[in-house]
Amino acid sequence: MPLFVESSTWIFLLLTVILGGGAAFMAGRSLATDWRDVKQLMIFMIPLGFGVRFLHFALFQQNLFSLQYFITHTAILMVLAYLGYRMKRVSQMVTQYPWLYERSGILTWRNKS
């Protein structure tokens with residue numbers, strides 16, 4: 001029994017990664033724009049995880065109350081949300097404080113020397 005794919009890899013990619021992951025990524029960017037804490041972002045992903053599981057159930061007759069798939073799909077959503085959050089936060093820091101910080105990678109910044 002696979003860890004995160006219940007019946008079809010394509011269904012998983014479409015609903016969890018593309019649809020749910022896109023929503024999670026945009027939610028991460030939105031919370032970073034409002035200067036909110038990353039803990040709030042992780043809490044906001046739990047209802048989105050329920051929504052993604054419901055779509056799997058309603059559209060493709062998969063198990064609605066599967067704790068294993070809920071946890072793994074929600075964890076994937078949290079990773080994608082954190083990616084969006086971190087990318088936006090780096091952009092904010094280097095554009096709003098250009099005299100202090102410079103970009104050192106896609107997810108990091110550093111003090112200017």
Side-chain angles (χ1 to χ4, degrees):
M1 182 155 124
L3 183 61
F4 54 86
V5 177
E6 192 167 352
S7 62
S8 169
T9 305
W10 294 109
I11 294 171
F12 166 76
L13 288 174
L14 175 69
L15 289 181
T16 303
V17 177
I18 294 173
L19 193 65
F25 187 84
M26 296 306 291
R29 290 179 50 88
S30 176
L31 266 68
T33 300
D34 292 340
W35 294 92
R36 295 204 181 178
D37 191 22
V38 74
K39 292 176 207 164
Q40 284 184 325
L41 178 65
M42 297 305 148
I43 292 170
F44 288 170
M45 290 303 105
I46 294 171
L48 185 59
F50 283 123
V52 168
R53 279 310 306 158
F54 179 75
L55 288 177
H56 278 273
F57 167 74
L59 297 176
F60 299 103
Q61 291 78 39
Q62 294 179 352
N63 189 1
L64 178 61
F65 299 111
S66 171
L67 184 62
Q68 170 192 355
Y69 294 125
F70 170 73
I71 290 172
T72 55
H73 290 193
T74 304
I76 290 167
L77 295 176
M78 286 180 179
V79 167
L80 292 170
Y82 183 73
L83 182 66
Y85 179 89
R86 191 67 184 178
M87 288 173 68
K88 182 63 177 179
R89 181 55 48 95
V90 169
S91 174
Q92 285 176 311
M93 295 302 283
V94 298
T95 57
Q96 292 185 11
Y97 307 107
W99 63 92
L100 289 176
Y101 303 115
E102 61 188 2
R103 186 180 299 268
S104 62
I106 192 168
L107 299 176
T108 58
W109 67 87
R110 66 174 170 234
N111 291 332
K112 278 193 171 179
S113 338

| query | So Tyr97 and Trp35, would you call those rings parallel, tilted or perpendicular, with 30° and 60° as cut-offs? | reply |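 It falls in the perpendicular class, over 60°.
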With side chains defined as the heavy atoms from C-beta onward, is the minimum distance between [X] and [Y] less than 4.5 Å?
X	Y	result
Val52	Leu77	yes
Leu15	Leu59	yes
Val38	Tyr85	yes
Val90	Arg103	yes

Looking at [X] and [Y], what are the two nearest heavy atoms and their distance?
X	Y	result
Met78	Met42	CE-O, 3.3 Å
Ile76	Phe12	CD1-CZ, 3.5 Å
Met45	Ala81	SD-CB, 3.7 Å
Thr108	Ser104	OG1-OG, 2.8 Å
His56	His73	NE2-CE1, 3.6 Å
Ser91	Thr95	O-OG1, 2.7 Å

Can you hop from [X] to [Y] via hydrophobic side chains spaced under 4.5 Å?
X	Y	answer
Trp10	Phe60	no
Ile106	Val79	no
Leu48	Leu41	yes
Ile71	Phe44	yes
Phe65	Phe70	no

Atom pair [atom1]/[atom2] of [X] and [Y] - distance to nearest 0.5 Å:
X	Y	atom1	atom2	answer
Leu55	Leu64	CG	CG	10.5 Å
Gln62	Ile11	CD	CD1	5.0 Å
Arg89	Arg29	CZ	CZ	12.0 Å

| message | I'd like to know if the side chain of Asp34 reaches the main chain of Arg36, judged simply by a donor and an acceptor atom lying under 3.5 Å from each other, with no hydrogens or angles considered. | response |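 Not at all, since once roles are kept as given, no pair shorter than 3.5 Å links the two residues.
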| Between Gln92 (side chain) and Ala32 (backbone), is there a donor-acceptor pair under 3.5 Å? |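 Checked: pair present.
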| request: Take Asn111 and Tyr101 through the test side chain to side chain contact (heavy atoms under 4.5 Å, CB included) and record every step on the way to the result. | output: CA-CA 5 Å; Asn111 291 332; Tyr101 303 115; 3.1 Å; yes
| task | Verify side chain to side chain contact (heavy atoms under 4.5 Å, CB included) between Tyr69 and Arg53, making sure each step is shown before the conclusion. | result | CA-CA 8 Å; Tyr69 294 125; Arg53 279 310 306 158; 3.6 Å; yes
| said: Going by side chain to side chain contact (heavy atoms under 4.5 Å, CB included), Lys88 matches just one of Thr33, Leu31, Leu83. Which one? | reply: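 The residue from Thr33, Leu31, Leu83 that satisfies side chain to side chain contact (heavy atoms under 4.5 Å, CB included) with Lys88 turns out to be Thr33.
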| request: Assess whether side chain to side chain contact (heavy atoms under 4.5 Å, CB included) is satisfied between Leu19 and Leu14, documenting all intermediate values. | output: CA-CA 6 Å; Leu19 193 65; Leu14 175 69; 5.9 Å; no
